[in-house]
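In what follows, a single structure is set out as structure tokens and then discussed.
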Amino acid sequence: MSVQELEKIFLNKIEQEVKIEPKDWMPDAYRKTLIRQISQHAHSEIVGMLPEGNWISRAPSLKRKAILLAKVQDEAGHGLYLYSAAETLGTTREQTILDLHSGKAKYSSIFNYPTLTWGDIGAIGWLVDGAAILNQVMLCRTSYGPYARAMVRICKEESFHQRQGFDILMALSKGSPEQREMCQDAINRWWWPSLMMFGPHDGESTHSEQSTLWKIKRMSNDELRQKFVDMIAEQVKVLNMTLPDDKLKWNETTKHYDFGEINWTEFWNVVKGNGPCNKQRLDARRKAWDEGAWVREAASAHAAKRKMREEKKIA
Amino acid sequence: MNETLYNYTLHLADNALILAQRNSEWCGHGPVLEQDIAITNISLDLIGQARSLYQYAAELSNNIFSSTTGARTATEDTLAYLREGRAYKNCLLVEQPNGDWAQTILRQFFFSTCQFFLYQRLQRSADSTLAAIAEKSLKEVTYHVRWSSEWVIRLGDGTEESRNRLLNALDDLWPFTGEMFTPAGYETDAVNLGFGVDVKAIKPLWEQRVNEIFAEATLSSPITGSEGVWMQSGGKEGVHTEQLGFILAEMQSMQRTFPGCEW
């Protein structure tokens, strides 16, 4: 079959909402786009463990400690599903990880911001996971089968994460003056970076158009961002807190909230590596990988010895 | 009886919490993603055990103390977050630093193996709450023993480097193993009162298991090789290594900075 014919079948499947599976023919560019996006997503889960992990040892109650630990562990699990989904496209986990360490692969910039107080753990759950969920719910319908299925599992756990974040802030908002201040301060610092998570405006997003045609992406950056603002602008009232945007206002005509402009200079700077924690996060990942090398070698050396002994036994 | 039961319960809880706190330091920094998840899982199991035990200790404490002295009501969190190091009754072994993966694995193997035999017997405790907690925890601990045993074998029978690292860990940790089998006053009393486990009696079982796993790891027995090694002690009675102060300073910082808050 000619490439043109194969491509026709492929596009027809996309058109008919039939999932593309690992053994199906797919255009190289589709494969590359998916590898880039899925591995970036996997890295975000893994690097995302660091800012929250920063508060495990200091969680203010045993219950909160257990919940936070379980949550960060879930993220490791999500990383695993996603690395596996990327492997179905012909890459290896090791290569994917090395690309992260060399700076070739990116991860979500949000994790380059520091967690300074316990309030930040609440704000991350509520805002960062909240923003991630909107994106991930959309990805449950993405055209590549293994990615879509990984997303279904991930989404179930993410909604629990968002609730636990909101619950942390709820407790703070009902607490002492210092706790309320901690709550507002965390919201102030995490609000704008959360809006940046949806990426550049639709007109400036490089991969968006093709990804939409291939149904990898099913809603635009600005659409998702608006949905997020509409949702959070209501939820923040329950906390009796405010969002740090004086342009935020309900618009009767559009039936959406209007909101102020994102600081795109900051956005691009953090993407380029100048965020407050870019270096720290990558260093931590590289350190864990390098210091774990002898452990991985020992495990495979032992597995090889064991296999040899078993073969001898059979022979 | 109640004060013995209270101290005994706290001792079990402190062991679980401090090791959970140590293991949780690995979260996000493990050598392989699957093992990052596994060690975090063990940490979570131990926090769960600690919480059940602290909740019970709090109940006992409120019955013993508050009615007479009007002291503040104890909760799992006041016990974990507002006691000083000298009041902590965990074994010295669990507060030792994570070190490298070999150190963490060996610490877990030594502790979980002891905890396994202890909980197995505690299931028959005259105190029904302790018996129930032991029964519930035993499934988890069985997995901790299996997981850490497999790793001791992998490291011992892996590469030269992994073997050397495991032997270094053994040198560091061995002097802290004796304490697990030397009863503190409240443990002896607890045995006499029928709800505690005789730790001296589980020592041979522990040694046998250690020998088996070390043999499988192609290492010589640490027991026969260590006659005359001085065993450290004191943790169970609140005299710790310098490690514990820092663990508590970090863990308790929020409760100490913002007293009396709900989180």
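Please read all numbers here as calculations on a predicted model, not as lab measurements. In what follows, every chain begins at residue 1, and chains take the letters A, B, ... in the order their sequences are listed.
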Can you say whether [X] sits under 4.5 Å from chain A via the side chain, the backbone, both, or neither, judging by heavy atoms?
| X | result |
| --- | --- |
| B:Trp26 | neither |
| B:Arg165 | side chain |
| B:Ile47 | side chain |
| B:Ser43 | both |
| B:Glu250 | both |

Who among [options] has the most heavy-atom pairs with chain A under 4.5 Å?
| options | value |
| --- | --- |
| B:Arg51, B:Glu160, B:Glu161 | B:Arg51 |
| B:Ala50, B:Gly158, B:Gly260 | B:Gly158 |
| B:Thr75, B:Ile247, B:Leu155, B:Thr159 | B:Thr159 |
| B:Glu25, B:Glu150, B:Glu34, B:Glu76 | B:Glu34 |

Tabulate, in ascending numerical order, the residues of residues 90-110 of chain B having at least one heavy atom closer than 4.5 Å to a heavy atom of chain A, or enter 'none'.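 Within residues 90-110 of chain B, the residues that come under 4.5 Å of chain A (heavy atoms only) are B:Asp100, B:Trp101, B:Ala102.
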Given 3.5 Å as the limit, does a donor-acceptor pair link the side chain of [X] with the main chain of [Y], or not?
| X | Y | result |
| --- | --- | --- |
| B:Gln255 | A:Pro60 | yes |
| B:His29 | A:Ala288 | no |
| B:Gln21 | A:Ser57 | yes |
| B:Asp77 | A:Leu62 | yes |
| A:Arg285 | B:Gly28 | yes |
| A:Arg296 | B:Pro31 | yes |

Starting at [atom1] of [X], measure out to [atom2] of [Y] and round the result to the nearest 0.5 Å.
| X | Y | atom1 | atom2 | value |
| --- | --- | --- | --- | --- |
| A:Met182 | B:Cys261 | CE | SG | 8.0 Å |
| A:Asn54 | B:Cys27 | CG | SG | 11.5 Å |
| A:Leu172 | B:Phe258 | CG | CZ | 9.5 Å |
| A:Gln73 | B:Asn41 | CD | CG | 4.5 Å |
| A:Asp74 | B:Thr40 | CG | OG1 | 10.5 Å |

Quick one: closest heavy-atom pair of B:Leu44 and A:Ala66, and the distance?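 So the two residues come closest at CD2-O, 3.3 Å.
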Can you see which heavy atom on B:Tyr81 is nearest to which on A:Ala59, and at what distance?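 Where B:Tyr81 meets A:Ala59 most closely, the heavy atoms are OH-O, 2.9 Å.
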Side chain to side chain contact (heavy atoms under 4.5 Å, CB included) evaluation trace for A:Arg306 with B:Asp157: CA-CA 9 Å; A:Arg306 179 166 259 191; B:Asp157 186 31; over 6 Å; no
Could you look at A:Leu80 and say if it's the side chain, the backbone, both or neither that has a heavy atom under 4.5 Å from chain B?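 Its backbone and side chain both get close to chain B.
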Might you confirm whether atom NZ of A:Lys305 has over 12 heavy atoms from other residues, nucleotides or ligands at distances under 6.0 Å?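 Yes, enclosed.
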Assess whether atom CZ of A:Arg153 is packed by more than 12 heavy atoms of other residues, nucleotides or ligands within 6.0 Å.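 It does not: A:Arg153 CZ has 12 such atoms or fewer within range.
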Output the option from A:Ser300, A:Ala303, A:Ser61 having the highest count of non-hydrogen pairs under 4.5 Å with chain B.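 Answer, by heavy-atom pair count under 4.5 Å with chain B: A:Ser61.
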Options A:Gln179, A:Arg64, A:Met49, A:Arg58, ranked by heavy-atom pairs under 4.5 Å with chain B, top entry: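 Of the candidates given, the most pairs with chain B belong to A:Gln179.
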Is there side-chain contact between [X] and [Y], with heavy atoms separated by less than 4.5 Å?
| X | Y | answer |
| --- | --- | --- |
| B:Ser162 | A:Val295 | no |
| B:Leu33 | A:Ile46 | yes |
| A:Trp294 | B:Asn164 | no |

Under-4.0 Å salt bridge between A:Lys63 and B:Glu262: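 No, this pair does not count.
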